[in-house]
> 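Right, I'll just put the structure down here and ask away after.
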2 protein chains.
Amino acid sequence: MKVTAKGENGVRAMTILALEFRAGPISLREIAAREGLSYQFLEQIFLPLRRAGLITSVRGAKGGYALARPPEEIKVGDVLRVLEGPIAPVECVGEGNGEVCGRIAACLTRGIWERLRDRMSEVLDEITLADVINTPADST
Amino acid sequence: MKVTAKGENGVRAMTILALEFRAGPISLREIAAREGLSYQFLEQIFLPLRRAGLITSVRGAKGGYALARPPEEIKVGDVLRVLEGPIAPVECVGEGNGEVCGRIAACLTRGIWERLRDRMSEVLDEITLADVINTPADST
DNA sequence: CCAAATCCCGATAAAATTACTCGGCTTTTC
DNA sequence: GAAAAGCCGAGTAATTTTATCGGGATTTGG
């Protein structure tokens, strides 16, 4: 029941883009240095985020990445769905998926996963990048 | 962000034990047949559940497994914690874990995972096995 | 007392997923 | 035109998950 490193680091990287939203594009090299991640792993994260339209890129020297929209308009759920696929605790209850598997207790347990999925989506869609950068990091 | 097959099938198997709670112990062979799972994989699921005290076993011919407590008193969260470890979307926010990692945006993103973890626990701890077997399987 | 049913359990093999790297290309600035 | 950056497919390494095996130990029923 874990988010992958890709998802976790993707959110982390997007947080940096949110912090620097007014400062123009930031290079992967800089983000990699700030977060202690490899340049190449970050590339793998940014590629799908750009294709999904969450970030924009500027090529060439002085280039880099920036959020495509202001931090208030990007939800954590958006980022995770791009990097990890639909939010769903089990395959058969993918968001907007009506399939049913053939096993006997299947329909009994299904409700659990649907409720869990809905609450997970709810939390992740109510937190924007703006919330993330504005929340004081109190709880040690 | 998925539950493993072990967790999913564990909940499924516990549901069967809940359905047959009054009927005495059920053998793994029977559960395996009813759910289309391998006997040996189920063994791997039941061993930790028994060690955790969620089920009891009776050895020998006519033996099998039964819930240690009535279905009303066993939460889905209990089962998942045994089979998958603490409910936590990322390592560093394991239930009751105060650690902090050293990276820069760490404390900014941490709050996300804490909120997610809390809501996940909440859902899973408000559903008992009794709820699972009593909920009509309407939503096709 | 024996045979069959059943749980007990460590070890390990197989498969799947995830994490990470490589190499080479294209675009832009200075 | 050289350096700084992004673009991108392919491939390898590491980890986790799934599944199997083999042999014990315990109980029931004949």
Side-chain angles (χ1 to χ4, degrees), chain A residues 1-13 17 20 23-68 80 82-85 88-91, chain B residues 1-13 17 20 23-33 35-68 80 82-86 88-91:
Chain A
M1 202 93 92
K2 293 274 193 304
V3 167
T4 64
K6 214 164 149 181
E8 185 183 351
N9 289 316
V11 172
R12 210 190 284 281
L17 293 193
E20 308 292 343
I26 312 176
S27 74
L28 278 193
R29 241 166 254 292
E30 190 179 336
I31 298 175
R34 275 171 74 160
E35 291 299 320
L37 298 171
S38 92
Y39 170 81
Q40 286 143 324
F41 190 32
L42 271 182
E43 260 192 329
Q44 281 216 336
I45 290 172
F46 277 64
L47 190 63
L49 289 174
R50 181 180 57 80
R51 284 178 175 157
L54 293 182
I55 57 179
T56 55
S57 63
V58 179
R59 300 179 71 165
K62 301 277 175 181
Y65 292 91
L67 296 186
L80 288 177
V82 168
L83 296 174
E84 314 225 343
V90 301
E91 206 55 57
Chain B
M1 201 94 90
K2 293 273 193 302
V3 168
T4 64
K6 213 163 150 182
E8 186 183 349
N9 288 317
V11 172
R12 211 191 283 280
L17 294 192
E20 309 292 342
I26 312 177
S27 75
L28 277 193
R29 240 166 257 292
E30 190 179 333
I31 298 175
E35 290 299 321
L37 298 170
S38 93
Y39 170 81
Q40 286 142 325
F41 190 32
L42 270 181
E43 260 192 330
Q44 281 216 337
I45 291 172
F46 276 65
L47 189 63
L49 288 174
R50 180 180 58 79
R51 285 179 175 156
L54 294 182
I55 57 180
T56 55
S57 62
V58 180
R59 300 178 73 165
K62 301 274 176 186
Y65 292 93
L67 296 185
L80 289 178
V82 168
L83 296 174
E84 315 225 344
V90 300
E91 206 56 58

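All values derive from a computational prediction rather than experimental measurement. Chain letters run A, B, ... following the sequence lines, proteins first, then strands; residues in each count from 1.
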> So, taking the atom named CG in A:Leu37 and the one named CD in A:Glu43, what distance separates them when rounded to the nearest 0.5 Å?
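Atom-to-atom, A:Leu37:CG and A:Glu43:CD are 13.0 Å apart.
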> Atom OH of A:Tyr65 and atom OG1 of A:Thr56: how far apart are they, to the nearest 0.5 Å?
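One finds 10.0 Å between OH of A:Tyr65 and OG1 of A:Thr56.
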> Just how far is it from atom CG of A:Leu54 to atom CZ of A:Arg50, taken to the nearest 0.5 Å?
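It comes to 12.0 Å.
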> What is the nucleic acid contact for A:Ile26, judged by heavy atoms within less than 4.0 Å: base, sugar-phosphate only, or nothing?
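Sugar-phosphate only.
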> Does a side-chain heavy-atom distance below 4.5 Å link B:Ile31 with B:Leu17?
yes
> When the distance from OH of B:Tyr39 to C1' of D:dG22 is rounded to whole Å, what number comes out?
13 Å
> Taking N and O atoms by type only, does the side chain of B:Glu43 place a donor or acceptor under 3.5 Å from a partner on the base of C:dC7?
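Result: no qualifying N/O pair found.
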> Of the non-hydrogen atoms in B:Val82 and B:Ala52, which two are nearest, and what is the gap between them?
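Closest pair (atom of B:Val82, atom of B:Ala52, distance): CG2-CB, 3.5 Å.
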> Taking A:Arg34 first and then A:Glu20, would you say they form a salt bridge - that is, a charged N and a carboxylate O separated by under 4.0 Å?
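Yes, charged N to carboxylate O under 4.0 Å.
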> How would you label the contact of A:Tyr65 with the nucleic acid (heavy atoms, under 4.0 Å): base, sugar-phosphate, or nothing?
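Sugar-phosphate, backbone atoms only, no base.
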> Whole angstrom is fine here: how far is it from CG in B:Leu83 over to C1' in D:dT18?
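Rounding to the nearest Å, CG of B:Leu83 and C1' of D:dT18 are 14 Å apart.
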> Using a 4.0 Å heavy-atom cut-off to protein, can you give one letter per nucleotide of nucleotides 12-21 of chain C, 5' to 3': B if the base is in contact, S if only the sugar-phosphate is, - if neither?
-------SBB
> Is any side-chain N or O of B:Arg59 under 3.5 Å from a base N or O of D:dA25, one able to act as donor and the other as acceptor?
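Yes.
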> Would you mind reading off the distance between B:Lys2 atom NZ and D:dT17 atom P, rounded to a whole angstrom?
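Nearest whole value for this atom pair: 14 Å.
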> To the nearest 0.5 angstrom, please state how far the OG1 atom of B:Thr4 sits from the CD atom of B:Glu84.
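Taking OG1 in B:Thr4 and CD in B:Glu84, the distance rounds to 3.5 Å.
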> Nearest whole angstrom, please: distance from the P of D:dT18 to the CD1 of B:Ile45.
9 Å
> Do we get B:Arg29 above B:Tyr39's six-membered ring, with its NZ or CZ under 6.0 Å from the centre and within 45° of the axis?
yes
> Send over the distance from A:Leu28 CG to D:dA5 P, rounded to a whole Å.
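About 10 Å, once rounded to whole Å.
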> Roughly how many Å is it from CG in B:Leu42 to C1' in C:dC7, rounded to a whole number?
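Rounded to the whole Å, the gap is 13 Å.
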> Give, ordered by number, those residues of residues 49-58 of chain B having at least one heavy-atom distance below 4.0 Å to an atom of DNA chain C; if nothing qualifies, reply none.
B:Arg50, B:Arg51, B:Ser57, B:Val58
> Using whole Å, what does the distance between atom P of nucleotide D:dA5 and atom CD of A:Glu30 come to?
9 Å
> How long is the gap from CD1 on B:Ile55 to CG on B:Leu49, to the nearest 0.5 Å?
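Between atom CD1 of B:Ile55 and atom CG of B:Leu49 there are 5.0 Å.
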